[in-house]
Amino acid sequence: MRKKINILATELILCFLMLFMLSGCTGGREINDLEIVIGMGIDKDKDTGKILLTAQVVKEGELGKLSGSGGGGADAKAFWNVSGTGNSVFEAVRQITHKTGNRLFVSHNHAVIFGNDLATEGLQKYIDFFLRAHEMRPTAMILIAENRASDVMDAKPETEKLPAMNIAKLVKAYGFTSHFYKVNMKEFASCLMSETKSPLAPLVGVSQDKDSEDIYVSGMAVFKKDKIVGKLNEHETRGLLWVLGEVKSGVLIVSSPNKEGNAVLEILEAKSKVKPEIKEGKIVINVRINAETSLSEQTTSENLATIEAFEKMQDAQAEIIRHEIMMTFDKSKELNADIFGFGEMIRKKYGKEWKDFKDNWDEIYSTIKLNIDIDVKIQKTDLLKKPAAQKEEGK
Amino acid sequence: MIFLIMIYIVIFLLNVPGLINRKEWRELTVFLVLYIIAFIMGLMYTLDVPIPSPMEGLQYLIAEVLGIKYPKN
Amino acid sequence: MNIEKGKICNMQLLFLIASFVQGSVLLIDFTVGITEHQTWMVILAGLVIAIPFFLSYITLAKRFKGMNVVQINDMVYGRFLGKVISVYYIFFLMMTLSFNIRDVGELHITFLMPDTPFIFLLAVFAATCAYAVAKGLEVLARISHLFAIVGIVVPISTFILLVDQMNFSNFLPLFEVPFIKMFHGTHIMLSIPFGETIVFLMIMGSLDDTEHMARNALIGLLIGTTSLLVVSIRNTAVLGNTQAIWTSPSFQSIRLIDIGTILTRMDFLIGIAQTVLIFFKCCIFFYALVTAVSQLLGLKSYSPLVLPLAGIEVIIAATVFQSPVDHASITQDAGIMYSVPLMFLIPPLTLLIAKIRGLPRPERGKGA
């Protein structure tokens, strides 16, 4: 009997303790208390020289409403750009709680946009927070604003409700043109840590178009260490991507064999092989590119679907690709920025020799020779065998 | 603090009656000694009394006194 | 007289060892900062060097059938010296257990529950371990294969999910890290997952049949090592040169999983797997600790010691290091040094002395 009472007493005490233990999660946060941040822009405050951080917070209520279906009205924004200033990024993030009343929830952050002034100053000290904070994802994209990041965050897109989502969508669509590519936090950090490889990040700008503001990606910002030194335009970026083997798709325009018009080709697939070599103390990089294209459009009445025309077009394409690559390579020499990562390739292949190159890589980089070997094949002509034109005489 | 005491009361109740019933006096002594050590350590922790870390002592002994250590980067 | 009455079979030993080694998956992070992209080599080197020592533990357990390490020490070194060595062993168990409990706490406080009080996480974890240990070795052994499966499935599935982000040129150049660092890394690897298997000296005495023990134990060790290798290759291939900067490369690489923007945020997978595996490892340590203490003091059962020792362990775990930085730097130095004699000198020595003195003498069954 006494034993039973003892057990009962222990059980009761245990249950009582459980009231404290199992009352819930200490760190729990309800969804209506969250300020879900989907994008962040970081600028330098012109007047004070402090960090100006613009966080794009989702308004859940507005997001649920269908656009156009009364009530909300067309002008109701689904986002709120709230900004804070501070001497560091983290201070600015916490400063924002003065305006939101809640801590920012940055797990769903898609894009981090740095203003041009910060990029000129050096990003290393500003990127730390985004890698360190435990809610931040290493998959968040990093972008550089042509001007001020806050302007990019403000531009209201037409189809998407949230500017940051729109930017993320734009950058993710790089495959259609291969004119830029997306860089996430981890990749950027990896380049920052590399001894030679220059980080790159897409550049975004805002274009004024009558009454609407459009965000566009204009190319890639090239960094030397962590400071911006230049910009690759669309073609130069593609030149880079050819070498990296990252060209997903895109448009190549070559003049047609009779020079009357153009043939427009779509890139279907591109592969690359890069082999570094050291010949007599000099670095030679052999690049081999295999590409497949399809004839997507022609602006001439000549029938291009012939073997001769194909051969001419293939050569012309190879020439364009070579030109794009050389353009990029010259640009990188001009900026003295190893955007291709040739230094890393040499380090990986020639570990011993690398020690001699490492210290004056900047000088060596300008002496690198590039051998390009390109093979382009036209795979198909899509729905037409011949253009919709009158038959030419004599054919 | 209160929490700690409650936990230790539960630990006490879970073990001691059984030990007394089975007349395992040796076990009871060992239990009580460990129990008191654990309780004092818990108390020290909750009252923010610094508890010496055995590893720091070992680190000092091995790295500084005996001089066995790996070079730092 | 052995304190544990339960018996485990050979197959269970295999899974016990496998999941025990897998429990150290998170601990390869100590090595990553030193050996960077050559961590996989260090794991293999550690395994190769560890196997002879591991075999010496097994031979020891085989020779002294049905005895645990405290009894063996008493028999081989005599009452006094034997006790000293046993106390050393118990100290090692206490420390390692507290480090592992702390590891779980750090894992949770950094990645999963940053707002929860640290001591609370430790206490809940230790209480769970205490519960499992109070149930006895047989219960642990019976469920060990489940843990081993978790420890294999999670690394391999995350490996597959990350294949498209892997860049195998990250492993090049093959021999870049200086020798002393490789040596240091090998030492850490040797101590942390492999040398810690010395705890099985406390458990192997409970085997019902020692015939295929060596084979099964080695297979277990290999399964565990495979998991470690998969994880380290995954981390290096995915993270490249950045793997040295993250607090936990495993976590960071899992966070990179992004398949069609749908299959993302798989942190929970690794969170669960790590917690479960370290839990198992802690249980084994804890079991060894309580049985060793009660054997040393000549008690009839270990159950009254479980909760007070858990209380002590929690406080040690909470105060032994100030921060993860402290944790890593001391573990990389003294943390692997102090246990060198225990892991790599005493077992072969014991074996040698036993051979010379012809122990155990067949007519004597008396140990403690």
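Since we're looking at a predicted model, the values are computed, not measured. Order of the sequence lines fixes the chain letters, A, B, ..., with proteins taken first and strands second; residue numbering starts at 1 for each chain.
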To the nearest 0.5 angstrom, please state how far the CZ atom of B/Phe31 sits from the OG atom of C/Ser303.
10.0 Å

Could you tell me which non-hydrogen atom of B/Leu19 sits nearest to which non-hydrogen atom of C/Pro304, and how far apart they are?
CD1-CB, 3.8 Å

Nearest-0.5 Å distance, OH of residue B/Tyr45 to CD1 of residue C/Ile316
13.5 Å

Measure from the side-chain N and O atoms of B/Glu27 to the backbone N and O of C/Leu299, and report whether any donor-acceptor pair falls under 3.5 Å.
no

Side chain, backbone, both or neither of C/Phe91 within contact of chain B (heavy atoms, under 4.5 Å)
side chain

Contact check, side chains of C/Leu309 and B/Tyr35, non-hydrogen atoms, under 4.5 Å:
no

In this structure, are over 12 heavy atoms from other groups packed under 6.0 Å from C/Lys83 atom NZ?
yes

Do C/Thr319 and B/Ser53 touch side chain to side chain, with heavy atoms closer than 4.5 Å?
no

Got a second to check how far B/Leu34's CG is from C/Leu307's CG, nearest 0.5 Å?
11.5 Å

Any donor-acceptor pair under 3.5 Å linking the side chain of B/Arg26 with the backbone of C/Lys300?
no

With a 4.5 angstrom heavy-atom cut-off, could you sort out which part of B/Leu58 is near chain C: side chain, backbone, both or neither?
both

Around B/Leu47, counting heavy atoms of other residues, nucleotides and ligands shown, do more than 12 lie under 6.0 Å from its CG?
yes

Got a second to check how far C/Gln322's CD is from B/Glu56's CD, nearest 0.5 Å?
7.0 Å

Side chain, backbone, both or neither: which part of B/Phe12 has a non-hydrogen atom closer than 4.5 Å to chain C?
neither

Which residue out of C/Leu297, C/Ile336, C/Val314, C/Asp326 racks up the most heavy-atom pairs below 4.5 Å with chain B?
C/Leu297

Heavy atoms, side chains only, cut-off 4.5 Å: are C/Asp333 and B/Ile62 in contact?
no

Please tell me if the side chains of C/Thr331 and B/Met55 come closer than 4.5 Å, counting only heavy atoms from C-beta onward.
no

Within a radius of less than 6.0 Å around CZ of C/Phe183, do more than 12 heavy atoms belonging to other residues, nucleotides or ligands occur?
no

For B/Ala38 and C/Pro308 the tightest heavy-atom approach is CB-O, 3.4 Å

When the 4.5 angstrom heavy-atom criterion is applied to B/Leu14 and chain C, the contacting part is side chain

